[in-house]
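Each remark here refers to the structure printed beneath this line.
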Amino acid sequence: MEERLIDDSIANIKIEIQGRGAQEVPSGTTAQHFLDDIGGRLKKEALAAKLDEDVIDLHTPLYRSGKLQFLTFENNEGAEALRHTASHVMAQAVKRRYENVKLGIGPAIKDGFYYDFDFDKPLSPEELEIIENDMQAIIKEDLPLERFEISREEAQKLFEERGESYKLELIADLEDRETITCYRQGEFIDLCAGPHLPSTGRLKTVKLLNLAGAYWRGDENQPMLQRIYGTAFPKKKMLEEYLYRLEEARKRDHRKLGRELDLFSFHDEGPGFPFYHPKGIVVRRELESFWREKHRKYGYQEVETPIILNKELWEKSGHWDHYQENMYFTRIDERDYAIKPMNCPGSMLIYKMGMHSYRDFPLRLAEMGLVHRHEKSGTLHGLMRVRSFTQDDAHIFMLPEQIEPEVEGVMELVDIFYNVFGFKYHVELSTKPSKSMGTPEMWEKATAALQNVLENKGVEFKINEGDGAFYGPKIDFHLEDSLGRTWQCGTIQLDFQMPVNFDLTYVGADGQKHRPVIIHRVVYGAMERFIALLIEHYAGAFPLWLAPIQVIVIPITDKQHHYALEVYDVLNHHGIRAELDTRSEKVGYKIREAQVQKIPYMLVVGDREMNAHEVAVRSREKGDLGPLPLDIFLKQVQEEISDKKR
RNA sequence: GCCGGUGUAGCUCAGCGGCAGAGCAGCGCAUUCGUAAUGCGCAGGCCAUGGGUUCAAGUCCCAUCGCCGGCUCCA
């Protein structure tokens, strides 16, 4: 849409609309024109349009032929137009009410929009409601949004007059552009590529959600702006549903469930250092034993290396130069030591203990390693981001030609693990960071190898520029929390550097010494983070194999205590994590409590069950399942556990 | 680390210059009950910490710490 034809206002253009054929109309006709013709629901619901591949306004004249398609809220791009317009309306409201406020940027994002402002004095959360009301007024005014293009010079003058220094920076960055696109609604003008709704009145429901700080251009050396987050929907009901979903998601928050289910805790005495409670550690140990079982099968050997190692080791590994600000240090006998932030140097020392033949490769050394990293205080987040965590690490020593099959093998392992829990995940390829070791060729080779595997396997991935480890590029696996925030879990890092730093060798078929290649990889990532994600994923209702308490026996009266104890003993002796509730409470009360604790099975035993040597099974999800002979129940439960049924 | 908010009983919260409260949980007693809350009673607090203002401070101000939402950073 940039390359509009010169002086074509008389010429006709040919617009094709799916299901309606092509028609010739005068150049300068708008998408809205066709909509008015079509009418009906689409007319009401269309928010923007697409001419071939260009997303455009409904109300901006068309100057070229093409295929026209209408975008509603159901299309991502339609929703973005709606929310982007909402962000402009918010900015307009803010500019009307506050003096000397400068505009940053205000894009549409997943589920909403934000706008960054530089205020004279900080905004308080109460003011959001006032701004929201002001927005309603602007919506009522039904101001048309006008798109216009001006020259760079004009744009500079325009935003300079308005005191918009941040916008001037943005314009300066649009170096290659002759003309600059702006949108105007009433007295408000913004630098913007669009598209937008035809008028502010087309916005129906807007809601401002929260207030946050954000560095200008995401750079911590730049000024901090105030960001207002909000959302917009075409229907009030959709907003209500969204807010309800948000509230439901908050109930799944692992920090809340962790406390309610007595899984773990944090204390002021050690911010960022998690404490596992008895129930929490059950979940973790189950995950670990599953991990050990699978890793043995996949050809890994387990090792364990010390938590504290001397400074010289970390100098050699490169951590001293590249990772120091994240490390903790201590002194022993007047000498400097570091608490390990990664497990690799320890494994390197094990590798170096003897000679290695190419025949031993790939050598896979796995380690459940506890690492400590100094994370900035503001980044700590429950179990998701902590300062000490256990990585389910492994280092694979191998021949260069084993890279691709090994990377592939790890990817398969990750897939197997995540599928057991029913996790959906996405993959990113992280490339060379600014702070890194090794030659550009090494990085290129390693990055290409990883990309190759991803492409050969047909895995969708996005490239995460500059986010690799300091010693090599990586493939990252990301999982979503209950609020849709994503967290990196699994990672596969390719490393040509550590073998050099540690002078690692193997003897090849030629009898000569060669340099091995290393993969650093984790599957869960960090046990802490993975457990946090599991809690949110299951909303605290762990599948039977992970449940801290698997079965609770609930006698109805004292008369059945003896039999209930017998049932409990049988379960317990068969390795089932069972509890017995002999308190003098009504069944309803005991069941409620067990439900709240999300215990998978409740066994109600009264006179009937006692006499028939049965148990009345109640499932957490399905409710009363009726009576069953104890041995049958036991068998079913054992099967469910060993199948790791979800 | 930065910006904003916030911190009262184990949990959820009320109190916002004038004697520290409620519900749930806990404990005791009674109750012996059939699938999501039995009744009565009793306890429980350096109102995050340290300063300040005031005749008087959970309450107002400042600082520190923790936590929450973001930003930056990362498993």
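Reckoned from all heavy atoms, side chains included, excluding hydrogens, waters and symmetry mates. Each chain gets a letter, A, B and so on, in the order the sequences are listed, and its residues count up from 1. Keep in mind it's a predicted model, so treat the numbers as computed, not measured.
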**Prompt:** Does atom NE2 of A/His562 have more than 12 heavy-atom neighbours, drawn from other residues, nucleotides or ligands, at distances under 6.0 Å?
**Reply:** no
**Request:** Pick out which of A/His254, A/Arg245, A/Arg252, A/Glu536 makes a side chain to side chain donor-acceptor pair (under 3.5 Å) with A/Ser482.
**Result:** A/Glu536
**Request:** Consider only side-chain N and O atoms of A/Tyr215 and A/Asn221, and report whether a donor and an acceptor are under 3.5 Å apart.
**Result:** no
**Request:** May I ask you to evaluate whether A/His374 reaches the phosphate of B/rG1, defined as a side-chain N or O under 4.0 Å from OP1 or OP2?
**Result:** no
**Request:** Quick one, give me the B/S/- string for nucleotides 2-10 of chain B, reading 5' to 3', where B means a protein heavy atom under 4.0 Å from the base and S means that only happens at the primed atoms, P, OP1 or OP2.
**Result:** BBSS-----
**Asked** Considering only the C1' atoms, how many Å lie between B/rC47 and B/rA14, rounded to the nearest integer?
**Response** 13 Å
**Short side-chain N/O contact from A/Arg227 to OP1 or OP2 of B/rG69, under 4.0 Å** = no
**Prompt:** Which part of the nucleic acid does A/Lys435 contact within heavy-atom distance under 4.0 Å: base, sugar-phosphate only, or nothing?
**Reply:** nothing
**Request:** May I ask you to list the residues of residues 111-121 of chain A, by number, that have any heavy atom positioned under 4.0 Å from an atom of RNA chain B?
**Result:** none
**Span that lies between the P atom of B/rG45 and that of B/rG52, in whole angstrom** = 27 Å
**Request:** Please check if the side chain of A/Glu127 supplies one atom and the backbone of A/Ser124 the other of a donor-acceptor pair under 3.5 Å.
**Result:** yes
**Request:** Please state whether the phosphate of B/rU12, meaning OP1 or OP2, lies under 4.0 angstrom from any side-chain nitrogen or oxygen of A/Arg259.
**Result:** yes
**Fill in**
Across all chains, not counting sequence neighbours, the ring-ring contact (aromatic ring centres under 6.0 Å, His included) partners of A/Tyr538 are none
**Message:** Rounding to an integer number of angstrom, what distance separates B/rU6 and B/rC16 when you compare their C1' atoms?
**Reply:** 15 Å
**Flag, side chain of A/Arg529 to backbone of A/Gln488, donor-acceptor distance under 3.5 Å** = yes
**Message:** Whole angstroms only, please: what is the CD-C1' distance between A/Gln597 and B/rA25?
**Reply:** 11 Å
**Euclidean distance, atom CG of residue A/Asp262 to atom C1' of B/rA25 [Å, nearest integer]** = 13 Å
**Asked** Which comes earlier along RNA chain B counting from the 5' end, the contact point of A/Pro271 or that of A/Tyr229, where each point is its nearest nucleotide?
**Response** A/Pro271
**Request:** Determine the Euclidean distance between corresponding C1' atoms of B/rG23 and B/rU72; express it in Å to zero decimal places.
**Result:** 42 Å
**Message:** Salt bridge check, A/Lys376 against A/Glu220: does any charged N sit closer than 4.0 Å to a carboxylate O?
**Reply:** yes
**Request:** Look only at the side chain of A/Tyr563 and the backbone of A/Glu614, and say whether a donor-acceptor pair between them is shorter than 3.5 Å.
**Result:** yes
**Salt-bridge present (A/Arg250, A/Glu247; N to O < 4.0 Å)** = no
**Request:** Remember a base hit wins even if backbone is also touched, and classify A/Val386 as base, sugar-phosphate or nothing at under 4.0 Å, heavy atoms.
**Result:** base
**Item:** Check: A/Ser317 and A/Met498 side chains under 4.5 Å, non-hydrogen atoms
**Value:** yes
**Span that lies between the C1' atom of B/rG15 and that of B/rU59, in whole angstrom** = 9 Å
**Complete:** Numerically ordered, the residues 518-544 of chain A set in heavy-atom contact under 4.0 Å with RNA chain B is A/Ala526, A/Arg529
**Message:** How many whole angstroms separate atom CH2 of A/Trp487 from atom C1' of B/rA75?
**Reply:** 10 Å
**A/Arg284 side chain near A/Glu528 side chain, heavy-atom distance below 4.5 Å** = yes
**Prompt:** Is any NZ, NE, NH1 or NH2 atom of the basic residue among A/Glu375 and A/Arg387 found under 4.0 Å from an Asp or Glu carboxylate oxygen of the other?
**Reply:** no
**Prompt:** Step by step, would you call A/Leu603 with A/Val617 a side-chain contact (heavy atoms from CB on, under 4.5 Å)?
**Reply:** CA-CA 5 Å; A/Leu603 298 184; A/Val617 181; 3.9 Å; yes
**Message:** Could you tell me how far apart A/Glu260 (CD) and B/rU12 (C1') are, to the nearest whole angstrom?
**Reply:** 10 Å
**Asked** NA contact type, A/Arg485, heavy-atom cut-off 4.0 Å: base, sugar-phosphate, or nothing?
**Response** sugar-phosphate
**Request:** Please determine if A/Lys102 and A/Glu169 form a salt bridge, counting it only when a charged side-chain N lies under 4.0 Å from a carboxylate O.
**Result:** no
**Request:** Rounded off to whole Å, could you give me the CG-to-P distance for the A/Leu246 and B/rC68 pair?
**Result:** 17 Å
**Message:** Just confirming the chi classification of B/rG4, syn or anti, using 90° around 0 as the syn window.
**Reply:** anti
Protein-nucleotides 27-29 of chain B N/O pairs under 3.5 Å:
none

**Asked** Can you check whether A/Leu287's main-chain N or O pairs, donor with acceptor, with A/Tyr524's side chain at less than 3.5 Å?
**Response** yes
**Prompt:** When you check every protein heavy atom under 4.0 Å of nucleotides 31-47 of chain B, what one-letter string (B, S, -) results, 5' to 3'?
**Reply:** BBBBBBBB---------
**Pairwise P distance, B/rG58 and B/rU8 [rounded to whole Å]** = 15 Å
**Prompt:** Relative to A/Tyr114, does A/Arg227 satisfy both conditions: NZ or CZ under 6.0 angstrom from the six-membered ring centre, and within 45 degrees of the ring's axis?
**Reply:** yes
**Message:** From CD of A/Glu375 over to P of B/rG1, roughly how many Å is that when rounded to an integer?
**Reply:** 12 Å
**Message:** Does A/His381 reach a base, just sugar-phosphate, or nothing at all? Heavy atoms under 4.0 Å.
**Reply:** sugar-phosphate
**Separation between the P atoms of B/rC3 and B/rC19, rounded to whole Å** = 37 Å
**Asked** At under 4.0 Å between heavy atoms, what does A/Arg373 touch on the DNA or RNA strands: base, sugar-phosphate, or nothing?
**Response** base
**Residue pair A/Phe542 / A/Glu286, side-chain heavy-atom distance below 4.5 Å** = no
**Request:** Taking atom NZ of A/Lys598 as the centre, report whether more than 12 heavy atoms of other residues, nucleotides or ligands fall under 6.0 Å from it.
**Result:** yes
